[in-house]
Amino acid sequence: MFLSLMGVDGHVSQGPWFASVLTLKTSAPLRAEPKKKKKVDPRREQMVRERLKKKLKKLERVPPELIPIEDFTTPAKYMDETRVRGAPQLPFEESERRALLLKEWSRYKQTQHRAEMEAVGLAVEAQREALEELRLESEELYQAALRPDPLLFPFNHQGPSYTPPKAQYEAPEGKYNNITKVYTQ
């Protein structure tokens, strides 16, 4: 079933259900032409604006309905602990089919992971060999190749400061009015 996703060279091909580590790509910004503006009748546009103003005035006159907080609470009859839905009983054949499908999926994902790790390993090894050859050729080019390129991934990060917190500092709790209703039964 999953063997059809294997390529001719033994590497796992991409599918719509998973993303590979090796699929990170960037693309150049596309060139687009601005849309041509339609000719609009000024009288018609003025009428549309007036209609919208009338609707806004109508909405301002009618106060919005506020929903009471009590409507958001779950009724007690639904909070009953005895109401528990049991798991459906599957036939033996269905449970076996699901177990075999899960094992097959695990094997497929393991094969995909190994292929990705092998591809990454080959790329790292090729990069190491290229850097060694570059070092033999020119030390300045080697040092320039080792420097990170800030334009490749423009990333700015401001992390937490390394100063420890003050020991005697008490955070303010703030002021609030407790309006919680208490119900007795």
Side-chain angles (χ1 to χ4, degrees), residues 1-40 45 48-49 52 72 74 81 84-176:
M1 179 175 171
F2 295 113
L3 297 178
S4 63
L5 293 176
M6 295 292 287
V8 178
D9 55 353
H11 291 288
V12 179
S13 63
Q14 294 300 311
W17 297 285
F18 49 85
S20 171
V21 177
L22 304 174
T23 58
L24 179 66
K25 295 178 183 173
T26 59
S27 62
L30 301 175
R31 295 188 176 105
E33 188 176 317
K35 291 183 177 179
K36 294 180 181 178
K37 292 187 177 181
K38 296 178 184 177
K39 292 183 181 179
V40 181
E45 192 174 315
V48 169
R49 284 185 186 160
L52 285 174
F72 293 120
T74 308
E81 298 281 332
V84 178
R85 182 180 294 171
Q89 294 294 324
L90 293 175
F92 178 75
E93 293 82 18
E94 178 64 20
S95 61
E96 278 295 310
R97 187 188 70 78
R98 289 184 183 186
L100 290 173
L101 186 64
L102 184 62
K103 287 179 184 179
E104 189 177 352
W105 178 252
S106 297
R107 281 190 216 104
Y108 168 71
K109 291 303 279 182
Q110 182 182 24
T111 307
Q112 179 193 10
H113 175 71
R114 285 183 180 164
E116 284 182 3
M117 290 299 108
E118 183 182 351
V120 169
L122 290 173
V124 168
E125 182 63 26
Q127 181 185 25
R128 188 186 61 75
E129 289 176 7
L131 284 173
E132 285 177 9
E133 290 294 323
L134 188 62
R135 184 177 229 170
L136 294 175
E137 199 66 35
S138 168
E139 185 66 30
E140 293 123 14
L141 290 175
Y142 174 76
Q143 292 300 327
L146 289 182
R147 263 186 257 123
D149 185 7
L151 300 176
L152 185 61
F153 293 109
F155 177 72
N156 295 329
H157 177 69
Q158 292 181 348
S161 60
Y162 291 104
T163 57
K166 295 179 182 177
Q168 287 80 26
Y169 180 75
E170 291 184 19
E173 291 184 15
K175 295 180 181 178
Y176 65 95

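- Residues passing the salt bridge (Lys or Arg N to Asp or Glu O under 4.0 Å) test with Glu140: none are found, sequence neighbours excluded.
- Taking the side chain to side chain contact (heavy atoms under 4.5 Å, CB included) definition, one finds that Arg114 meets it with Gln110, sequence neighbours left out.
- In this structure Glu170 satisfies the salt bridge (Lys or Arg N to Asp or Glu O under 4.0 Å) test with no other residue, sequence neighbours excluded.
- Put simply, the side chain of Glu116 reaches to within 4.5 Å of the side chain of Gln112, judged on heavy atoms.
- Few gaps surround CD on Glu94; more than 12 heavy atoms of other groups in view lie less than 6.0 Å from it.
- Under the rule for a salt bridge (Lys or Arg N to Asp or Glu O under 4.0 Å), the partners of Glu125 that lie at least two apart in sequence or sit in another chain are Arg128.
- To the nearest 0.5 angstrom, Thr111 atom OG1 is 10.5 Å from Lys109 atom NZ.
- In terms of the side chain to side chain donor-acceptor pair (under 3.5 Å) criterion, residue partners of Glu45 (sequence neighbours excluded) are, by chain and number, Arg49.
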*With side chain to side chain contact (heavy atoms under 4.5 Å, CB included) as the test, would you mind laying out the steps for Glu133 and Glu137 before giving the verdict?*
CA-CA 6 Å; Glu133 290 294 323; Glu137 199 66 35; over 6 Å; no

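- Not counting sequence neighbours, the partners of Glu139 by the side chain to side chain contact (heavy atoms under 4.5 Å, CB included) test are Arg135, Tyr142, Gln143.
- Closest heavy-atom contact between Leu141 and Leu134: O-CD2, 3.6 Å.
- Between Arg107 and Lys103, the closest side-chain pair of non-hydrogen atoms falls below 4.5 Å.
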